[in-house]
Structure formats: structure tokens, C-alpha cells
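Structure first, then comments.
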Amino acid sequence: MANPQRYTVTAALIYANGPIHIGHLAGCYLPSDIYVRFLRMKGEDVLFVSGTDEHGVPITLRARKEGLTPQQVVDKYYTVIDQSFRDFGIEFDIYSRTSRPAHHEFSSQFFRHLYDKGVFTEQETEQYYDPEAKQFLADRYIVGTCPHCANTNAYGDQCEKCGTSLSPDELINPHSTLSGAKPEKRNTKNWFLPLDQLQPQLQTYIDAHPEWKSNVAGQCQSWLKDGLRPRAMTRDLDWGVSVPVEGAEGKVLYVWFDAPIGYITASKEWFTQPETRNTLTYGGKPKSDNWEVYWKDENTKLVHFIGKDNIVFHCLIFPAMLQVHGGYILPDNVPANEFLNLAGDKLSTSRNWAIWLHEYLQEMPGKQDELRYVLTSISPENKDGDFTWDDFQARVNNELVAVFSNFVHRTMVLTQKNYGSKVPVADQYTKEDLVVLEEAAKFPDRIGAALSAYRFREAQQELMNLARLGNKYLSDTQPWKLIKTDDVRTRTILNVSLQLCANLSVLCMPFLPFTSKKLRTMLNLGELNWEQAKSTTLLAAGHTLTEPVMLFAKIDDALIKQQVDKLAVIRQQLDAEKAAAELAAAPKPMNDPSKIEAAKGETSFDEFSKMDIRIGTILEAERVPKSDKLLKLLVDTGLDKRTVLSGIAKHYTPEQVIGQQVTILVNLAPRKMMGHESQGMILMAENTAGELSFVVPTKTNVDNGSTVK
RNA sequence: GGCGAGGUAGCUCAGUUGGUUAGAGCGUAGGAUUCAUAACCCUAAGGUCACGAGUUCAACUCUCGUCCUCGCUACCA
């Protein structure tokens, strides 16, 4: 959007089932905060909202685990997360939460509006049900033994030990976490958003935004190309927003339906009870007095900051909801970041592989801007990034301390020593001075252009370049020498240097808000706006400066070693757990007579005779790449040698089956799997524990091609 | 398997519509300097632009194929 009248900026609603770590900060909250601070300093009308997403299954699971109610869980983490944001200077206008009554009311209304318009389709599906607890079970509520690694605590959607994604059907000995009962399938009705029907208008919307980041646009096009499918917007669960429809008792809104509406609710909330979170920022509160202009006026630019895992919800599903509701503007941009790794491995809340913000602050008190700086400089804008403590130390010491802090300090100290901390007069600019001042005046636009284009890393680099310009200027002009021979000239040089410090104090505000404040205090400067940073005379001659302090301190090796060691301990634990899991995969589950499959209905001899079953021998076998269940076999059937794919890779290695005699159905219609054609089917016996075994003749003279009748 | 995003200097990353010697910061080496926490300033070394073909007078850039990383999504008769 070319010239928006105002901005609505959202930062992803964070899920309230744990504290917040550096990945969250780097991926979403830091870039959005920088963006918003910049806009506010430009004098733009901005509303910046975020909050916690407090519904959904994982919250209820966490509550059970900790012996709390879901509400107690989200209360706990809301407070922790909120404090972390305040501590790191993430300045939302409002930081709300989806468990508030106002949100329940509004998201409920939103749903009802769509319902009344006849948007939803009703569908009955089979879902797992706990007959003892008398409620439907989300996949996560079903645990059992993982068929892959024998972990007895695998969830119905995923085994956390080996990482395989599962469906409840695959679990061995599945049972409900609520009662321990065996889940059964029951029919239930839910309301679906017909994304398939909405696809054309979504396609138009996405196509209208070629300027989106390639990872975002690509992901959207990928979904569209696949063809969107109707998606259930309600769930059988008791934690969430009740579905406001008759016959929907015991159902709540799908968490991804109500969460994005949370942005709107939060916005509304600001206008009914404005909250003053702005303890540091200058410039800034939303200017309009009605929440609706931030969501319904087409001159409002709506921007969602999120991580890449949320792309589909913010670029397709939420826009679809807004479109069908009518009256709302759509996101103008969704600058989703990739992920940040920690020392080469994916951050993980559940595995404790993370740097938690509250812990960081305890161990590195007062070093918020250091972390902000480092995370922005490795911001995963285009590809996954990596955080290491060595890199953290290097960037702080060699850039923040050596370049930024040092330039300010040497300028301040020279002024203090020689001119009693009063800004000296600039008598007459030389060509050299003018070149520097002219160059410096370009920075606000240069940095601003990068920020407007969501290139935060580049913007911050430019900020450092201004400090570099200052350092070079000092080295070139050498005022510490000149003071002995040319006082007038020296005064001018220090005046110019101090002006650069003043400009820095303004331009560093979005990135380093705490430092900006310190620097302004040192310079005895009030709150200035972005355009003023183009000035070369922010500090008047004679203006009194305060005592110089170092803006940043070097981080010594001992402090870094502590952190590195701490991670090493966690990594050791994780490795040990992984090894134990692999070991646990060895023991075989026992057969369970109570789980023998029920008898099938009667068939006829004719029906059976259609099956051409033969004895064959496996000649070659290999794993099918990227499939964990399939082996690709070459089988001699006596009639021919053919390729057969068989889902036995979890039970046999390729080496084990070469030369193995098998029973094979040879007249089965060929079928393509994972890109290979399978011409037949190997018959296997399966016990109640899900173990497979070949079915073979007991005599040795039954050769390939022998029939089975 | 399908789809999407990546793979550029030891590290973190730029590289616009194909056009001379592929850039920045950090790290490394050398020099200069001493106001500043040995910081700053100057200079240099360092890259078969993942790999292989092709189009072109010319390819990091376009096309096709292969390999690797990450993500989404499936199959598992």
C-alpha cells in the first residue's frame, strides 16, 4: 500500500503453554517492535497488538500434567510472557489474551455472523471418543505404543521420542489419557469453512501481492496449487470459546478460528480501556478514537508479523474468514520469518533446548539491547539462522562496544576534558566536515527504506555504518592532536562529532531502545522524531552534556563459558534420552488375545478363486527413500521377476529379506506408491501387537510359481 | 513422492532486469595511531557462487537434471 493513513500491526499471538525464548523474539516480536517504533517516530498512526493464545488441546494437556486447571496454566504463562516482553522493551499498545470474556463474546459473534450467512457446511465425521469420560478425544489425548520406536507414551498425532507423525489408528494399545479407556469411534457433527469454494477469491488476493517475501508467497501458492479443502472450525473439546449454535453443546471454536480474531478483540479492548504500556517509547499512541478504522478502513495498512509455521493461517484462512464476514480489510503484508536454531539444533520448548528470556535476564542483567542487537543481526529473514554464544560475544564486543559505544565515548570524553562538557561552537565547516554531515543526513532515509521493506538486518547494519562514519571522521581529523595547535578547528570537529552522536541516539531507538535512552540522557536531549535525525544541529553550542558512561560493556570469556557449559549439559541429557529411546525400541511388545480382530463376513469360493496367489522369492530389496515403512522388492514369482512395494520396513531390513521366500498375490492391480509402481502384494501375518511376519511353505521343495489355494 | 524456500569468503549475510577484476561486517595477516576498555583508522589475503549439462557473444543470475538443509503435504495393498 503506497500511502496508508494508519497502520495496524500484529505480532503473533503466542501460545500460553510455556515461557518465551529467543526464537520467538527473533522471529516475530523483535522485528514487529522495531517496525512499530520506527513508524511511531515517523509520526504515523499505529496500533500494535498482540497477546496470548490460550485455547486448544496442548493447554489442557499441560494442565492435567501439572495438576492445574487450564485457566491456571494460562494465567501463569500469561504473566511470565508479559513480563518478558516488558523487560525486553517490546511495546505493544495492548497485550491481550484470548481467555478474556470480551474475546469469547466477540469471536462467538463473529462465528455466529458467518453461521447466519450460511457460510459453513455441516459435516459428520468419525472421531475418537472416550466412553468412560464421555467425551471426544483429540489425537493428542490418545496415547499408545509407537509402532516405530516402541515408546509407550506416543501421542495420537506424533511420537515425541522418534518424531514420526502418527494417526491414532497406528498406535499399538491406544488408550485415553483421561480415563485409560480404549477409545472408540463415534460420529460427530462439526462446522466447516468451505475453503475449496473460497479458493478463487483467495487466489486473487494472493496474486495481488507479488511484493510478499518469496517464502510466504511460495508457501501460499503451494497450498492453492494443492487445492484448498474444507476445514473444521469447531472441535469437540471443553476448553475454548463455545460454539454459539443450537446442538453444539460440548463443542468449541477451533483454536485457529478464534486466535486471529484475538487481534481484533485486543484492538477493541484498547479503545474501551486503553492500557499504557509505553514506558520507554516516545511518540505513539493510536490517533483515531475508534477501533473499527484500524480494521475496516481501506486506508489502513494491516501487517501480521509471524513465524513461518503460521503462514497458512494468516495468509489464507484468516483472510478467508475476513472476506466471508465482509467489511474487514485484508492483511497488506505478512512478513513471516524463518526459524532460528540454537547452536545448530532446532529450538524446542518441550526438550528445553532454548534460551529463555527470563533466564537470560537473570544471568545477563541489563543486557536487553545486546540480545536485541544480536538477534536482529542474525534475524532469519530469508533462511533459518543460528544463534551461538561465541557469535553473541563477538558481535557485542566487536560491534556494539568497539564501534558504537566507542565512538560515542571518545567524542564525549574529548568534549568533557577539553570543553567542560559543553557543546563547543562550530566555527566554520571545512569541506571534510560538510561531506560527513551530508553523508550523515542520508541515514534516516536509508535506514527507513530498509525498515519499510522489512529488511531489519540491513537497517541495523546501516545504523552501525553511521557510527563507523563517526569513528573514521575522528581518526581522520585527530582532534586530540589539533587541540594543541588549533582550538577553533577542534571545537568544530567535536561539534560535528557530537551531532553524529545525537543523530545516532534517534536512529538507534527502534533497535536499541534502552541504549537510546541512555545516550539521550548523556546528551541531555529530549524526545526527537525520525526526520529530525537529518539535522546537523540538534545540539546547540553551549548545551551542557552529562557524564560520559560506556553504553556497552565487553562480555568476558567466563560469562560465555558459563552459557556454553549450560547448553552442553542439556545437550548431553538430550543425547542420553535419545540413546535410551533407541534402546527401548528393541524389546518386542507381547501378543494380546483380547485384541484379536473380529471375524469377517462370509465369502464365496468363486470370490476366493479370483486371487492368484503364488510362492516367490525376494531377489533384491532396498529402502524407499524418505519412506519409513516401505521396502522396494524385486520378487521372482516363477512367472516373472517384478517390483513389489511392501510396508514392512519397520519389521525387516533389506538385508534380512533378500533370499526370503514369500507368498504373493500376483494378479493385484498395479499401484503407484512414493513414485514407484508396485505389481503385487506380499502376504504377511500380523499379530495384535502389529508385528509382521512372512507366510511361507514349511517344506523346502515348494518352488517359485507354486500356487496357493 | 508432490509442492515451497534455501545452498555465495572461516562465520553471519548482500548480490536489483544475465554484461568488465562477485560485495559488506566479523574473524585472520600486515601497517598506522594513541582521544577512546589493544578499541578506532588504512591495507591485504581468502570464493570452481552445492554439483552436472544446456541456452547465449556473455550465466551467481535463465532452462533441465542431480545432491544436501529446512518447511508444508501425502502415501504406506
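Below, chain A is the first sequence line, B the second, and so on; all start at residue 1. Every value quoted in this text rests on a predicted model; they were computed, and no experiment measured them.
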Just how far, in rounded Å, is [atom2] of [N] from [atom1] of [X]?
X	N	atom1	atom2	result
A/Tyr419	B/C35	OH	P	15 Å
A/Leu414	B/U33	CG	C1'	14 Å
A/Asp386	B/G7	CG	P	16 Å
A/Ile648	B/A77	CD1	P	12 Å
A/Asp345	B/C70	CG	P	10 Å
A/Gln416	B/A36	CD	P	11 Å

NZ/NE/NH1/NH2 to OD/OE distance under 4.0 Å, A/Lys346 and A/Asp384: no

In whole Å, measure the gap between the [atom1] atoms of [N] and [M] for me.
N	M	atom1	answer
B/G1	B/C75	C1'	7 Å
B/A14	B/G6	P	10 Å
B/U16	B/C11	P	22 Å
B/A24	B/G15	C1'	11 Å
B/G65	B/G2	P	10 Å
B/C60	B/U8	P	15 Å

Check every atom of B/A14, B/A77, B/C26 against the side chain of A/Leu668 and return the nucleotide holding the closest atom. B/A77

Ring geometry between A/Trp256 and A/Phe313 (parallel below 30°, tilted from 30 to 60°, perpendicular above 60°): parallel

Determine whether the side chains of [X] and [Y] contain a donor N or O and an acceptor N or O closer than 3.5 Å.
X	Y	value
A/Asn471	A/Arg468	no
A/Asp640	A/Thr637	yes
A/Asn398	A/Gln393	no

Less than 4.0 angstrom between a side-chain N/O of [X] and OP1 or OP2 of [N], yes or no?
X	N	result
A/Ser405	B/U37	no
A/Asn382	B/A14	yes
A/Lys554	B/A38	no
A/Lys225	B/G4	yes
A/Arg468	B/G25	no
A/Asn418	B/C35	no

Side chain to side chain contact (heavy atoms under 4.5 Å, CB included), that's the test. Do A/Val423 and A/Asn495 meet it? Break it down for me. CA-CA 6 Å; A/Val423 176; A/Asn495 181 293; 3.8 Å; yes

Comparing A/Lys481 and A/Ala402 on RNA chain B - which has the more 5′ nearest nucleotide: A/Lys481

Heavy-atom nearest nucleotide on RNA chain B for A/Ser377 versus A/Lys346: which residue maps closer to 5'? A/Ser377

Which part of the nucleic acid does [X] contact within heavy-atom distance under 4.0 Å: base, sugar-phosphate only, or nothing?
X	result
A/Phe552	base
A/Ala217	nothing
A/Asn406	base
A/Gln221	nothing
A/Lys213	nothing
A/Met412	nothing

When both hydrogen-bonding distances must be under 3.5 Å and the geometry is Watson-Crick or G-U wobble, what is B/A58 paired with, if anything? none

Any strand counts, and the cut-off is 3.5 Å on both contacts for Watson-Crick or G-U wobble. Which nucleotide pairs with B/C26? B/G10

I want to check a possible cation-pi pair here: A/Lys213 against A/Tyr454, using under 6.0 Å from ring centre and within 45° of the ring axis as the test. no

